[in-house]
Amino acid sequence: AAKRLGGRRHAFFRKELADQAHRHLALDRDLRTALAGGQFQLHYQPKVSLIDFSLEGFEALLRWEKPGHGMISPGEFIPVAEDTGFIVPLGDWVLDEACRQLRAWLDDGLDPVPVAVNISPRHLRHHSAEDFRRIIDRHGLSPDLVELEITEGAVMQDMDHALEVLAALKAMGIRVAVDDFGTGHSSLSYLKRLPVTTLKIDRSFVNGVPSVREDNGIVSTIIAMADMLGLDVVAEGVEKPEQANFLRHHNCTLVQGWLTGRPVPAVQAADLLVKRIKQRA
Ligand code: C2E
Ligand code: MG
Ligand code: MG
Ligand code: MG
């Protein structure tokens with residue numbers, strides 16, 4: 001009986017795997033169709049200063065509106081694109097589109113803020129610094145208008161390559177942020193060697209502030225560490241005023257979250273840029 005059960009379990013897992021492979025293939029095909037058919041767009045989430053609530057930057061976030069399905073979240077399709085390798089052309093499209101948008105804002109007489117683009121591990125492993133630079137140059141942009149967000153995991157996968165690319169990006173004046181900081185396995189000695197400009201504190205820690213003592217400790221320690229290393233620090237996923245107060249009190253002045261602004265389409269992002277000019281005038 002045990003054997004029969006084992007055999008059945010085996011068949012069950014085989015079917016699961018086959019189903020998953022099938023879903024992967026179908027999604028990969030849909031993603032390629034989506035890119036060719038212009039179904040992707042970028043939304044822009046503000047990064048805001050807690051000192052005067054000024055707009056300091058945007059993060060570009062990929063959105064896929066699949067006909068007949070509505071919005072599909074990047075959490076669902078980015079891992080598959082990473083798996084199949086489609087993330088390389090897709091990631092290039094994202095960077096190119098963010099740069100195209102920056103160029104359009106400049107041409108409209110707006111004074112844009114830097115835009116950050118997420119770079120997946122496989123994309124980083126595949127590219128040289130020149131590959132990223134070429135896309136930015138296509139639009140005649142100053143490199144300091146563009147920031148790349150990478151995760152600790154992306155760096156760890158091929159440390160030598162990552163260090164070389166990041167150093168070259170830094171030399172070109174392209175800013176690099178460590179995304180979801182604190183969730184990976186990076187050590188302090190490795191962080192010291194990383195040529196990055198910014199740490200983004202992961203939302204999971206910010207979430208617990210100020211009621212979870214451990215999260216308070218982690219968040220304030222990351223802020224102090226960033227300061228010590230001469231890095232900028234941004235808190236992700238700030239939803240409540242209590243969280244903003246805690247962050248301000250611990251000298252973290254840059255935040256990104258529902259509290260200060262959700263990701264919005266480019267047209268609304270442009271409105272924020274216009275408002276910013278008026279506020280400064
Ligand atoms: P991420 O880079 O850490 O981006 C932040 C995510 O947190 C975004 O989700 C954003 O909408 C969400 N968020 C921002 N503020 C808040 C808040 O106050 N509360 C909550 N609950 N969530 C908040 P999104 O757009 O669904 O993206 C999820 C992840 O997908 C991103 O995490 C990033 O890892 C990946 N992703 C998105 N766009 C791209 C892209 O163009 N390329 C690559 N490689 N990955 C992308
Ligand atoms: Mg990000
Ligand atoms: Mg993040
Ligand atoms: Mg995240």
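Just so you know, ligand 1 is whichever comes first in the structure, and atom 1 is the first atom listed for that ligand. Fair warning: this is a prediction, and the values are worked out from it, not measured in the lab.
If you look at Arg63 next to ligand 1, the close heavy atoms, those under 4.0 Å, all belong to the side chain. Contact annotation: for Glu82 versus ligand 1, there are no heavy atoms closer than 4.0 Å. In Glu59, the part holding a heavy atom less than 4.0 Å from any atom of ligand 1 is the side chain. With a 4.0 Å cut-off on non-hydrogen atoms, Asp179 touches ligand 1 through its side chain and not its backbone. At a heavy-atom distance under 4.0 Å, only side-chain atoms of Asp180, from C-beta outward, approach ligand 1.
For ligand 1, none of its N or O atoms has an N or O atom of Gln256 under 3.5 Å away. Close N/O approach between Leu62 and ligand 1 is found [any backbone or side-chain N/O within under 3.5 Å]. Checked by distance only, ligand 1 and Ser73 stay at 3.5 Å or farther apart across all their nitrogen or oxygen atoms.
Across all non-hydrogen atoms, the minimal contact from Pro210 to Asn216 is O-ND2, 3.1 Å. Nearest approach of Leu145 to Leu102, heavy atoms of both residues: O-CD1, 3.7 Å.
The shortest separation from a heavy atom of His123 to ligand 1 is not under 4.0 Å, leaving the residue out of contact. Residue contacts with ligand 1: Arg262 is excluded, as none of its non-hydrogen atoms falls under 4.0 Å.
Computed with the Mg ion (ligand 2) at the centre, the Glu59 OE2 to Asn118 OD1 angle is 90°, stated to 10 degrees.
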Exercise. After noting the C-alpha distance and the side-chain angles of Asp137 and Arg134, does the key distance pass the salt bridge (charged side-chain N to carboxylate O under 4.0 Å, His left out) rule?
Worked result: CA-CA 5 Å; Asp137 278 353; Arg134 213 170 300 125; over 6 Å; no
For this session: Check the pair Asp96 / Arg100 against salt bridge (charged side-chain N to carboxylate O under 4.0 Å, His left out), numbers first and verdict last.
Result: CA-CA 6 Å; Asp96 186 71; Arg100 190 202 59 73; over 6 Å; no
Problem set entry | Residue pair Ser204, Asn207: steps toward the side-chain hydrogen bond (donor to acceptor under 3.5 Å, both in side chains) verdict | CA-CA 5 Å; Ser204 61; Asn207 204 17; over 6 Å; no
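With respect to the Mg ion (ligand 2), Glu149 has OE1 as its nearest N, O or S atom. Nearest N, O or S atom of Asp180 to the Mg ion (ligand 3): atom OD1. With respect to the Mg ion (ligand 3), Asp179 has OD1 as its nearest N, O or S atom. Here the N, O or S atom of Glu236 that is nearest to the Mg ion (ligand 3) is OE2.
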Would you mind writing out the side-chain donor-acceptor pairs for residues 46-53 within the sub-3.5 Å range, not counting sequence neighbours?
from, atom 1, to, atom 2, distance (Å)
Lys47, NZ, Glu147, OE1, 3.0
Lys47, NZ, Glu149, OE2, 3.3
Ser49, OG, Ile51, N, 3.0
Ser49, OG, Asp52, OD1, 3.4
Asp52, OD1, Ser54, N, 3.1
Asp52, OD1, Ser54, OG, 2.8

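With respect to Lys15 and Asp19, a salt bridge is recorded, a charged nitrogen being found less than 4.0 Å from a carboxylate O.
Applying the under-4.5 Å side-chain rule to Ile, Leu, Val, Met, Phe, Trp and Tyr, the cluster around Leu17 consists of that residue alone.
Atom 11 (O) of ligand 1 has its nearest heavy-atom neighbour, among Gly237, Ala116, Ala98, Pro263, in Pro263.
Between Asp202 and Thr183, the side chains place no donor N or O within less than 3.5 Å of an acceptor N or O (distance only, hydrogens not considered). Side-chain contact check for Thr33 and Asp30: no donor-acceptor pair (N or O, by modelled atom type) lies under 3.5 Å.
Residue Glu239 approaches ligand 1 through these ligand atoms, each under 4.0 Å from one of its heavy atoms: 17 (C), 18 (O), 19 (N), 20 (C), 21 (N). Heavy-atom proximity to Glu236, at under 4.0 Å, picks out these atoms of ligand 1: 3 (O).
Within 6.0 Å of NE2 in His126 there are 12 or fewer heavy atoms belonging to other residues, nucleotides or ligands.
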